[in-house]
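Here is the structure we will look at.
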Amino acid sequence: MASDTKISLKAAREVLGVGPFFSPSELRRAFREAAKRAHPDRAGGGAERFRQVVEAYHRLQIVQTGSDRIIQPPAPRPPEPTELRIDPLIALRGGSADHVLGDGRHVRVKLPPGLRGGDTVRVGASELAVVLTGSPEMLVRGDDLWITASVAPRLLTEGGRVAVETPLGRRVVWLTRKAAERKLVRLQGQGLPARGRHRQGHLFLRLAPAKAGQADSAARTLLRRFAAAWAA
């Protein structure tokens, strides 16, 4: 079948980003990448740009086969979500996060409280997959928030009343002997808030003995660092 393709070889190579010598697999790979960028559902894409990508693929296939026979191009894969990395405090309270889109644009995304890893948020035509960051001092497990708090060593053997700094403010907890031995306290319903299919989480305090002369707990130090970043 004769082709009515009008695009030149040079223009076709420029559209797909291939050199004068390319293999069939390289052509297919270049087509898929160009089709993703030009897809009408992607920022910067559009129907006309997508048509040019398909036309360029057809033109270069003719060069490879040495005939005017046009082979159906492989179906372009749908745009894959890109990652939006947020810290546990954003997941807990909501707030704003800076992100660079696939087309290079810098955006500030306003986020609700209660996001979990694997959730998605939309920014224009882009879909972003939420990834929760963390550290040994503060991390998220499922719906629950875990922090490390330093307490006086005697409390880990005797139990007693202890004040701990948390992202929700100071919490005074009664440390039983059993909890002191386990070095773990659970604060019911004080983790990530319920959202959609996600349940209300809990706050777990992992207790570590404070070093001699240590004035601040690890949680308080981390909280100050987050507060400084929040205010910047």
Side-chain angles (χ1 to χ4, degrees), residues 16-17 28-54 57 73-148 166-168 186-204 206 219 222-223 225-232:
L16 296 187
R28 288 193 296 271
R29 185 165 56 249
F31 168 74
R32 287 194 176 99
E33 292 299 320
K36 283 196 296 185
R37 293 191 299 270
H39 198 283
D41 291 339
R42 290 287 295 267
E48 177 59 23
R49 186 180 174 192
F50 188 81
R51 184 194 64 77
Q52 291 176 350
V53 169
V54 174
Y57 179 75
R77 297 172 183 172
E80 298 179 359
T82 56
E83 292 184 353
L84 176 65
R85 304 179 72 82
I86 64 174
D87 61 55
L89 283 182
I90 295 289
L92 177 68
R93 298 172 172 169
S96 298
D98 294 323
H99 182 74
V100 181
L101 297 173
D103 58 7
R105 286 184 297 145
H106 291 252
V107 295
R108 172 159 287 190
V109 188
K110 187 172 180 59
L111 301 170
L115 287 173
R116 269 68 161 182
D119 287 350
T120 58
V121 296
R122 293 199 67 85
V123 180
S126 299
E127 187 175 72
L128 309 180
V130 174
V131 175
L132 293 178
T133 61
S135 68
E137 293 84 10
M138 177 181 289
L139 55 85
V140 172
R141 290 179 177 172
D143 302 309
D144 303 323
L145 183 64
W146 289 65
I147 68 173
T148 299
T166 79
L168 301 176
R186 185 180 75 166
L187 302 184
Q188 186 84 14
Q190 296 190 33
L192 298 186
R195 182 175 185 272
R197 59 187 173 83
H198 303 298
R199 66 172 179 83
Q200 175 71 44
H202 309 302
L203 177 62
F204 288 85
R206 294 178 297 190
L222 186 66
L223 183 61
R225 189 162 67 242
F226 274 116
W230 190 280

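Bear in mind the structure is a predicted one, so any value in this text is a computation, not a measurement.
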Walk me through it: do Val130 and Thr120 pass the test side-chain contact (heavy atoms from CB on, under 4.5 Å)?
CA-CA 6 Å; Val130 174; Thr120 58; over 6 Å; no

I'd like to check the side-chain contact (heavy atoms from CB on, under 4.5 Å) partners of Leu139; sequence neighbours left out, ordered by chain and number.
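By the side-chain contact (heavy atoms from CB on, under 4.5 Å) rule, Leu139 matches Arg141, Trp146, Arg206.
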
Arg85: what forms a side-chain contact (heavy atoms from CB on, under 4.5 Å) with it, not counting sequence neighbours?
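So Arg85 forms a side-chain contact (heavy atoms from CB on, under 4.5 Å) with Glu83, Val131, Thr133.
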
Is Leu203 close to Asp144 at the side-chain level, that is, under 4.5 Å between some pair of heavy atoms?
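A side-chain contact under 4.5 Å is absent here.
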
Are Phe31 and Val54 close enough that some pair of their side-chain heavy atoms sits under 4.5 Å apart?
yes

Go through it in stages, so that I can follow the logic: the residues are Arg32 and Val53, the test is side-chain contact (heavy atoms from CB on, under 4.5 Å), and I'd like the CA-CA distance, side-chain angles, deciding distance and then a yes or no.
CA-CA 9 Å; Arg32 287 194 176 99; Val53 169; over 6 Å; no

Got a second to check how far Gln52's CD is from Leu16's CG, nearest 0.5 Å?
11.0 Å

If you round to the nearest 0.5 Å, how far is CD1 of Ile86 from CG of Asp98?
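It comes to 13.0 Å.
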
So among Leu145, Val140, Asp87, which one has a side chain to side chain contact (heavy atoms under 4.5 Å, CB included) with Leu92?
Leu145

Option passing side chain to side chain contact (heavy atoms under 4.5 Å, CB included) with Val123 (candidates Leu84, Thr82, Val107)
Val107

Enumerate, atom names and distances included, each donor-acceptor pair closer than 3.5 Å involving a side-chain atom of residues 186-196, sequence neighbours excluded.
{"unit_1": "Arg186", "atom_1": "NH2", "unit_2": "Gln188", "atom_2": "OE1", "d": "2.8"}
{"unit_1": "Gln190", "atom_1": "OE1", "unit_2": "Arg171", "atom_2": "NE", "d": "2.9"}

Please determine whether side-chain contact (heavy atoms from CB on, under 4.5 Å) holds for the pair Met138 and Thr148, giving the CA-CA distance in whole Å, both sets of side-chain angles, and the decisive distance to 0.1 Å.
CA-CA 7 Å; Met138 177 181 289; Thr148 299; over 6 Å; no

For Arg197, look at atom CZ and say whether over 12 heavy atoms of other residues, nucleotides or ligands are found less than 6.0 Å away.
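No, the 6.0 Å shell around CZ holds no more than 12 heavy atoms from other groups.
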
Using every non-hydrogen atom in the two residues, find where His99 and Val109 come nearest and quote the distance to one decimal.
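Shortest heavy-atom separation between His99 and Val109 comes out as CB-CG2, 4.3 Å.
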
Indicate yes or no for a side-chain donor-acceptor contact from Arg49 to the backbone of Ala47 under 3.5 Å, with no hydrogens or angles considered.
no

Any side-chain donor-acceptor pair under 3.5 Å between Asp143 and His202?
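Side-chain D/A pair, Asp143 to His202: absent.
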
Take Ile90 and Leu115 through the test side-chain contact (heavy atoms from CB on, under 4.5 Å) and record every step on the way to the result.
CA-CA 8 Å; Ile90 295 289; Leu115 287 173; 5.8 Å; no

